[in-house]
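First the structure, in the form of structure tokens, and then the observations on it.
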2 protein chains.
Amino acid sequence: MALPIKISEETFTPRQQAVLTAALDLLVENGDGLTMTAVARRASCSKETLYKWFGDRDGLLTATVQWQAAKVRMPTVDRSHLSAKVLRESLQQFARDLLTTIIGEVSITLNRTAITHAAQEKDSLGNIVLENGPMAIRRRLKPILEAARDARLLRFPSSEDAYRCFFGLVVRDVQIRLLLGDKGLTQSNVEANIEADVVAATDQFLALYGAKANL
Amino acid sequence: MALPIKISEETFTPRQQAVLTAALDLLVENGDGLTMTAVARRASCSKETLYKWFGDRDGLLTATVQWQAAKVRMPTVDRSHLSAKVLRESLQQFARDLLTTIIGEVSITLNRTAITHAAQEKDSLGNIVLENGPMAIRRRLKPILEAARDARLLRFPSSEDAYRCFFGLVVRDVQIRLLLGDKGLTQSNVEANIEADVVAATDQFLALYGAKANL
DNA sequence: GCGGAACCGTACCGTACGGTACGCCTGCGG
DNA sequence: CCGCAGGCGTACCGTACGGTACGGTTCCGC
């Protein structure tokens with residue numbers, strides 16, 4: 001079946017959401033060793049109910065990822081009056097959101113789960129994570145970039161390339177290192193430098209794509 | 001036990017290397033669903049031998065990743081006479097190697113395996129991959145960056161930051177999308193653009209860190 | 001009050017897979 | 001020629017886990 005990308009509030013009943021919360025907690029705690037029995041016990045429900053609601057283990061996993069991923073909300077930027085200052089602050093906000101998201105325990109777990117899943121020729125989880133992560137950022141950022149170009153604040157031939165450059169400047173090697181469990185890169189460690197990194201990445205992006213002296 | 005980071009040629013006998021090759025092939029083919037029985041059958045050896053040589057499944061996995069990761073070789077750059085031209089070409093070579101590596105089937109598989117492993121509170125595989133991937137690049141690149149700074153070709157306060165910026169400009173969202181199984185980003189698709197991306201990333205890096213008009 | 005739907009808890013089944021044991025063959029040193 | 005070490009193939013064991021079945025309880029509509 002084609003998975004719905006969007007999840008509305010009413011997709012899951014409160015009880016079901018409690019189950020999904022339990023599943024997510026277990027996922028974060030125990031890695032991908034998520035068993036149906038454990039979820040049932042944690043959520044105080046029967047396995048039969050799990051299978052009735054979610055079909056099978058994959059369905060539960062999918063629902064969990066989908067439900068959690070949909071909770072990530074992007075800030076809306078007013079692009080009607082873009083000034084250099086507003087643009088810079090918007091970019092910084094995007095960078096901050098992106099960084100704080102990817103270093104979060106939940107994001108790491110979800111990405112790991114989806115990648116593990118993708119290793120078994122199943123890309124549904126990967127698509128959900130992509131759609132709610134990088135692609136969501138892209139959808140929100142590109143209009144702003146294009147508005148900024150129209151306002152002569154930025155210069156680029158392709159907004160796609162500009163977006164991907166911004167992504168690279170912000171994320172760098174942080175995400176892959178966290179996913180691989182690099183001990184030299186704890187969340188708190190990265191967290192302390194977020195503000196500096198946000199400013200640095202934004203400055204670099206503006207240096208590359210700013211129309212003039214936007215530094 | 002502390003895992004040796006370096007693997008010499010003689011660490012494994014040819015027969016053992018054949019077994020590891022079989023394991024790697026299966027890993028690439030079947031994702032993380034690597035079973036001891038499958039490896040034994042593919043390598044035409046008995047399971048008993050596998051356990052004798054590698055201890056347990058984790059040992060086999062570790063040996064496979066370790067052995068394969070060690071095969072990645074970095075180019076050596078002569079940093080005695082660095083000119084702007086040589087620097088640019090060196091950077092481009094690094095970018096090219098990095099990109100061609102991470103889009104390769106084997107790299108994707110190894111990273112996925114290590115990440116899956118990291119989701120179970122085991123970071124040995126992750127460390128091996130990190131050490132032979134990003135960290136290896138860093139070890140080779142940083143001296144060049146610093147030599148270029150000494151030669152007044154580059155300007156930066158921290159070679160660490162410069163390296164990580166370069167990494168971000170080159171990799172961008174390619175690796176995470178491939179790991180997540182993004183269908184809109186096939187290897188061939190990326191491969192076709194490698195040269196353009198290499199040049200673009202290098203130009204951007206030089207624009208940010210070049211001492212003067214190194215564009 | 002009554003029937004039934006939903007659901008909990010638990011017991012159960014089948015299978016897949018990690019790990020072990022054993023019988024057999026081959027090659028080699030003495 | 002003998003014995004034995006190394007290794008192949010296979011059968012086997014135990015367990016963990018996905019998935020199912022079923023009895024008991026609660027709650028809701030009538």
Side-chain angles (χ1 to χ4, degrees), chain A residues 1 10-65 67 109 112-114 116-117 119-122 124-125, chain B residues 1 10-65 67 109 112-114 116-117 119-122 124-125:
Chain A
M1 63 169 177
E10 300 81 23
T11 309
F12 301 113
T13 68
R15 183 73 183 103
Q16 287 173 333
Q17 293 186 29
V19 170
L20 294 177
T21 302
L24 184 65
D25 288 349
L26 283 174
L27 217 50
V28 171
E29 288 170 27
N30 300 344
D32 203 13
L34 186 73
T35 71
M36 301 299 274
T37 307
V39 175
R41 196 160 34 223
R42 174 74 65 105
S44 294
C45 73
S46 75
K47 285 171 66 176
E48 197 170 13
T49 305
L50 291 185
Y51 286 102
K52 185 173 187 178
W53 284 347
F54 304 105
D56 55 6
R57 184 177 179 275
D58 252 30
L60 173 60
L61 221 48
T62 304
T64 305
V65 172
W67 174 70
T109 300
R112 278 179 179 162
T113 305
T116 300
H117 216 241
Q120 279 129 27
E121 289 118 65
K122 306 176 182 179
S124 53
L125 291 192
Chain B
M1 62 168 177
E10 300 82 22
T11 308
F12 300 113
T13 68
R15 183 73 183 99
Q16 286 173 334
Q17 293 187 29
V19 171
L20 294 178
T21 303
L24 184 66
D25 288 350
L26 282 175
L27 217 49
V28 172
E29 288 171 26
N30 301 343
D32 203 13
L34 186 74
T35 71
M36 301 299 274
T37 307
V39 174
R41 196 160 35 222
R42 174 73 66 103
S44 293
C45 72
S46 75
K47 284 171 66 175
E48 198 168 13
T49 305
L50 290 185
Y51 285 102
K52 186 173 187 176
W53 284 349
F54 304 105
D56 57 3
R57 184 177 180 277
D58 252 30
L60 173 60
L61 220 49
T62 304
T64 306
V65 172
W67 173 70
T109 300
R112 279 179 179 162
T113 306
T116 300
H117 215 241
Q120 277 128 27
E121 290 117 66
K122 306 178 181 180
S124 53
L125 291 190

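The chains referred to below are lettered A, B, ... by the order of the sequence lines, with proteins before strands, and numbering in each begins at 1.
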Determine all donor-acceptor pairs shorter than 3.5 Å in which one atom belongs to a side chain in residues 20-31 of chain A; sequence neighbours excluded.
{"from": "A/Thr21", "atom 1": "OG1", "to": "A/Gln17", "atom 2": "O", "distance (Å)": "2.8"}
{"from": "A/Glu29", "atom 1": "OE1", "to": "A/Arg42", "atom 2": "NH2", "distance (Å)": "2.9"}
{"from": "A/Glu29", "atom 1": "OE2", "to": "A/Arg42", "atom 2": "NH1", "distance (Å)": "3.3"}
{"from": "A/Glu29", "atom 1": "OE2", "to": "A/Arg42", "atom 2": "NH2", "distance (Å)": "3.4"}

CG-OG1 distance between A/Leu61 and A/Thr116, expressed to the nearest 0.5 angstrom: 9.5 Å
Looking only at heavy atoms, the pair that brings B/Arg15 and B/Cys45 closest together is NH2-CB, 3.6 Å
Do nucleotides 8-24 of chain C as a string where each nucleotide becomes B, S or -: B if the base has a protein heavy atom under 4.0 Å, S if just the sugar-phosphate does, - if no protein is that close. BB-------SBBBBB--
Let me confirm one number: the CZ-CG distance from A/Arg112 to A/Leu125, rounded to the nearest 0.5 Å. 15.5 Å
Determine whether A/Asp32 and A/His117 make a side-chain contact, defined as any pair of heavy atoms from C-beta on separated by less than 4.5 Å. no
